Amino acid sequence: MEDFFEISLGHGEDLQTFIVKDFVQQEDSKCKFEVYRLGELILSLEPDGDTFHICQNPGEVKEEMINQIIDQIESYHL
């Protein structure tokens, strides 16, 4: 089973919208969260205690944006 939710970062012209796929029941080969921008996978994350582990970063997302994405995901209390 998987759920989707949307997060946005930035303001005005810099606003970027991402779709986050949350794999509620994880398969061993998948990370819990996959992040998409414009329909393309850019990042996958796995919760690791109080932090997140980056599984894949095919979008070469910079660390600052990764931290903002993680903050948004954590705000959903998943």
Side-chain angles (χ1 to χ4, degrees):
M1 185 174 158
E2 56 195 43
D3 287 333
F4 296 88
F5 58 94
E6 186 175 291
I7 60 174
S8 296
L9 301 176
H11 297 84
E13 293 179 10
D14 293 331
L15 183 67
Q16 295 186 60
T17 301
F18 304 90
I19 301 298
V20 179
K21 185 185 288 188
D22 176 4
F23 292 93
V24 179
Q25 295 177 347
Q26 286 177 263
E27 299 173 18
D28 291 337
S29 62
K30 289 196 181 282
C31 278
K32 179 158 173 59
F33 298 104
E34 291 183 345
V35 183
Y36 293 83
R37 179 175 51 211
L38 303 173
E40 289 194 37
L41 176 67
I42 62 162
L43 184 67
S44 62
L45 301 164
E46 180 70 31
D48 186 11
D50 291 338
T51 63
F52 278 77
H53 164 74
I54 298 168
C55 297
Q56 296 178 11
N57 188 358
E60 297 181 6
V61 181
K62 291 186 174 20
E63 185 176 349
E64 181 180 336
M65 183 173 285
I66 291 172
N67 291 333
Q68 291 174 4
I69 290 170
I70 289 170
D71 288 345
Q72 289 288 320
I73 292 172
E74 287 177 331
S75 74
Y76 279 84
H77 304 289
L78 300 173

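For the single chain, residues carry numbers from 1 onward in sequence order. Given the structure is predicted, the values throughout are model-derived calculations rather than measurements.
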Value rounded to 0.5 Å, distance of CG in Leu45 from NZ in Lys32: 11.5 Å
Straight-line distance of Ile7 CD1 to Ser75 OG, nearest 0.5 Å: 8.0 Å
Go through Glu6 and Thr17 one step at a time and tell me if the side-chain contact (heavy atoms from CB on, under 4.5 Å) criterion holds. CA-CA 7 Å; Glu6 186 175 291; Thr17 301; 3.3 Å; yes
Sorted by chain and residue number, the side-chain hydrogen bond (donor to acceptor under 3.5 Å, both in side chains) partners of Gln72 (sequence neighbours excluded) come out as none
Interatomic distance, CG@Asp3 vs NZ@Lys21, rounded to 0.5 Å, equals 11.5 Å
Please list, chain by chain and in numerical order, all residues satisfying side-chain hydrogen bond (donor to acceptor under 3.5 Å, both in side chains) with Gln16, sequence neighbours excluded. Arg37
Rounding to 0.5 Å, atoms SG (Cys31) and CG (Asp48) come to a distance of 10.5 Å
To the nearest 0.5 Å, atom CD of Glu63 lies from atom CD1 of Ile70 at 9.0 Å
Interatomic distance, CG@Leu9 vs CE@Met65, rounded to 0.5 Å, equals 6.0 Å
Do Phe5 and Asp22 touch side chain to side chain, with heavy atoms closer than 4.5 Å? yes
Please tell me whether Ile73 and Ile54 are part of a single hydrophobic cluster in this structure, the criterion being side-chain heavy atoms less than 4.5 Å apart. yes
Is Phe4 reachable from Tyr36 through a run of hydrophobic residues whose side-chain heavy atoms are each under 4.5 Å from the next? yes
Can you list the residues that meet the side chain to side chain contact (heavy atoms under 4.5 Å, CB included) rule with Asp50, with sequence neighbours excluded? none
So do the side chains of Leu41 and Val35 get within less than 4.5 Å of each other, counting heavy atoms only? no
Evaluate Asn57 against Ile66 for side-chain contact (heavy atoms from CB on, under 4.5 Å), listing each step before the verdict. CA-CA 9 Å; Asn57 188 358; Ile66 291 172; 3.8 Å; yes
Does the plane of the ring in Phe33 sit parallel, tilted or perpendicular to the ring in Phe52? Use 30° and 60° as the thresholds. tilted
